[in-house]
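Here is the structure we will look at, set down as structure tokens.
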Amino acid sequence: EEEDDDDEEEVDLEEYEEEVRAGKQKQQPKQQPKQQPKGEKKKQPQTPTALGRKGASKGAGAAEAELDAGNGKTVITPKDQMTVEESDPDTDEDDMHSRNTLGRIPMEWYQNEDHLGYSLDGKKILKSGISKDRLDRFLDKMDNEDYGRTVTDPVTQQDIKLTDEEIDLIQRIQGQQFPGDSDPYEPYIDFFTHEVSQTALSGRPEPKSRFIPSKWEHKRVMKIVRAIRKGWIKPPAPPAAETYHDLWEQEPQDTTQRQLDHIPAPKVALPGHAESYNPPEEYLPSKEEAEAWRTQHPDDRVRDFLPTKYSSLRLVPAYRSAIQERFNRCLDLYLCPRTRKMRMNVDPEALIPKLPRAQDLQPFPSAQSLVYMGHTSRVTCLSIDPTGQWFASGSDDKTVRIWQLHNGRCLKVLRFDHEISCVAWCPNALYSVLAVAVAKTLYLVNTGVASSSVTAATDKLLVPPPPPAGEADKPSPVEWRRASESDYAQGQRIVLQHPKAIQQVTWHSKGNYFAAVMPEGVSEAVFVHSVQRGSTQNPFSKKNRDVQRVLFHPTQPIFFVATKTHISVYNLQSQTLVKRLQTGCKWISSLAVHPGGDNIIAGSFDRRLCWFDLDLSVRPYKTLRYHKLALRQVCFHSSYPLFASCSDDKNVHIFHGMVYSDLLQNPLIVPVKILRGHEADSAGLGVLDCQFHPQQPWILTAGADKTVRLFT
């Protein structure tokens, strides 16, 4: 390109030399200078001295063209005086279009201004098209031939005329074509192939770091070597020898594949001697047997015909039931489908859940240690002192006996007018209070077997306080009164007279309240008594029939009420019904709550023991049917994961019942022991009551054989 420019410059100089020699230099007409924007310098007219090769350094000095007569060329010689070079008008216009005095700033800043930046002298550069309005633009459209191919530079605000090549390029881009004349389907030249080049692509020498061993790789290798030496990393085992099996040694027996082979219909049984026209004598029925066969129902007959004897075959008549038998045979073939059933080979032992061994779940009561004898009739109830030293037993002989548990000594005998229905020891160890239910009367007794301080505190507690002011005139369903002098000497302190016969007495875990159950009382079936205040409350004023058992929650203000068929859970604080448990039993006989309070068990007279998880469902989690006769009592141990049930079948079943703190894990129930020793009476009653020791894994049982037994 530089050589082409030099040739063009040389041609112009030769023409200029010829004009000078001939003295006919033409005067160039003066061009009317264009109106320049304010702040721009005027262009100097082009002179030959402005011609020079592109790429000459600026500021190197001016050059003057002189003629060389020898070769006819113009020689450019430098002068001492520096002159300013002027560019070509075309080049100047290009520089003007490419010049941007604003820099990289948004052009919207000058949208409402009449200038476009500033020159080096600090003067405004006016916009060229700022004076054009709609009329001027319309005149330009009508007069200017290049109006359709002229665009405005947004940076310099100059009008630029597009060439034919640029217009063609724009049209090709708008038509979604290639902008150039290149062939889009020309073959692709793979500059980099998979073949390794003989010479490197780069001539840069290898760095020195490539010849020095890596310190980090050395540390990594030493770490692996140390692990191999210490045995942390073991080398891979040698590959095992390949074994080849004979594919045709034994054919696989796929029992799961459906067998589609044909099953033939069962054949008709072949005729025997009875079907013969001349049967033996032992096959011929007598007259009584023939008459009995005729009176039987057709489904009860052994044969559908009576064997008959004929002297010859030609005397045999036609068989009357031949068509009926063929019809029944066709029905059997048509209506009885014949399929091959796949029998599953399941081990019955695998269906039994795997439970821990009973030896791993010790301790639990397993042997009889003591027998407490002294009652003259069946022992119906018992209760253990919270310290575990004494227990009380009630019997149908109208006595309550207080025993010393460890040696079987009877410390005291309390006599009453009627049979004892229930005894309950106060769970508060600071007092020695025994509640005894006899018919319609409930006695609070100071046993006097504890220390003197406990006995004095009990006497101080069992003093009926006067009724509060304003309530003296209100009628009370239960009469609180002090025991008589003779009864007071026996140990009785307070007597509570109820309207109906009392069946159960249960204490709150703190010992401040106790509840009495009277199944015959319709609207007065349950009474809650306060010992300290000497008051009585009836929590259920509505008719509530068939109440059998009640219990207090050990930690929360929850009250469980069991009727014959279901168990209701009440919140005493909010006085609302929380839920109702569906037992599926016909008659609930006993109820017990777990020390944690989230699980309860219920026994029934129809030989069922139901375990309820209160957080899981209102239906039983487990229903156990181990007893053969009615259940009389169920109970939980206060510290060990044990619960028991006693029944009229003279057995006491001990279960391991573990309740986990994890709510996602169900309780574990495992039967561990069956305790035997009691005998049934004439009425068929067996073990009537049972209760665990508060600290030891022992259990006390009361039976209809007039004894109380201790199992340890």
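We're numbering straight along the sequence, starting at 1.
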Q. Does the separation of the ring centres of Phe692 and Tyr640 fall below 6.0 angstrom?
A. no
Q: Decide yes or no for Ile669 and Leu624: does some side-chain heavy atom of the first lie under 4.5 Å from some side-chain heavy atom of the second?
A: yes
**Q.** Distance-minimising heavy-atom pair for Lys586 and Asp606
**A.** N-OD2, 3.1 Å
Q) Should the heavy atoms of other residues, nucleotides or ligands under 6.0 Å from NZ of Lys500 be counted, would the total exceed 12? A) no
(Q) Would you call the rings of Phe391 and Trp403 parallel, tilted or perpendicular, taking 30° and 60° as the class edges? (A) parallel
Q.
Centre-to-centre under 6.0 Å for Trp611 and Phe636, is that the case here?
A. yes
Q) Does the side chain of Val547 reach to within under 4.5 Å of the side chain of Phe540, using non-hydrogen atoms? A) no
Q) Any idea how His627 and His653 line up, ring-wise: parallel (<30°), tilted (30 to 60°), or perpendicular (>60°)? A) perpendicular
Q) Is a side-chain N or O of Ser647 found less than 3.5 angstrom from the main chain of Ala630, in a donor-acceptor match? A) yes
Q. Do Phe643 and Val634 have side chains that get closer than 4.5 Å, going by heavy atoms?
A. no
Q. If you look at every heavy atom in Glu419 and Lys398, which pair is closest and at what distance?
A. N-CG, 4.0 Å
Q. Is there side-chain contact between Thr536 and Trp480, with at least one heavy-atom pair below 4.5 Å?
A. yes
Q) Are Asp648 and Leu688 close enough that some pair of their side-chain heavy atoms sits under 4.5 Å apart? A) yes
**Q.** Student check: side-chain heavy atoms of Gln582 and His566 closer than 4.5 Å
**A.** no
Q.
On a heavy-atom basis, which atom in Ala358 and which in Phe364 lie closest, and how many Å separate them?
A. O-CE2, 3.3 Å
Q. Looking only at heavy atoms, which two atoms of Gln532 and Asn512 are closest? And how far apart?
A. NE2-OD1, 3.5 Å
Q: Could you check whether the rings of His498 and His529 sit parallel, tilted or perpendicular, using 30° and 60° as the cut-offs?
A: perpendicular
Q.
I'd like to know whether the aromatic ring centres of Phe552 and Phe559 sit less than 6.0 Å apart in this structure.
A. yes
Q. Are any of the side-chain heavy atoms of Val687 and Asn651 separated by less than 4.5 Å?
A. no
Q | Lys NZ or Arg CZ of Arg709 over Tyr372 ring: under 6.0 Å, within 45° | A | no
Q. Any side-chain donor paired with an acceptor under 3.5 Å for Ser432 and Thr458?
A. no
Q: For residues His656 and Pro641, determine if any side-chain heavy atom of one lies less than 4.5 Å from a side-chain heavy atom of the other.
A: yes
Q: Output yes when a side-chain donor or acceptor of Ser589 lies under 3.5 Å from a complementary backbone atom of Leu631, and no otherwise.
A: yes
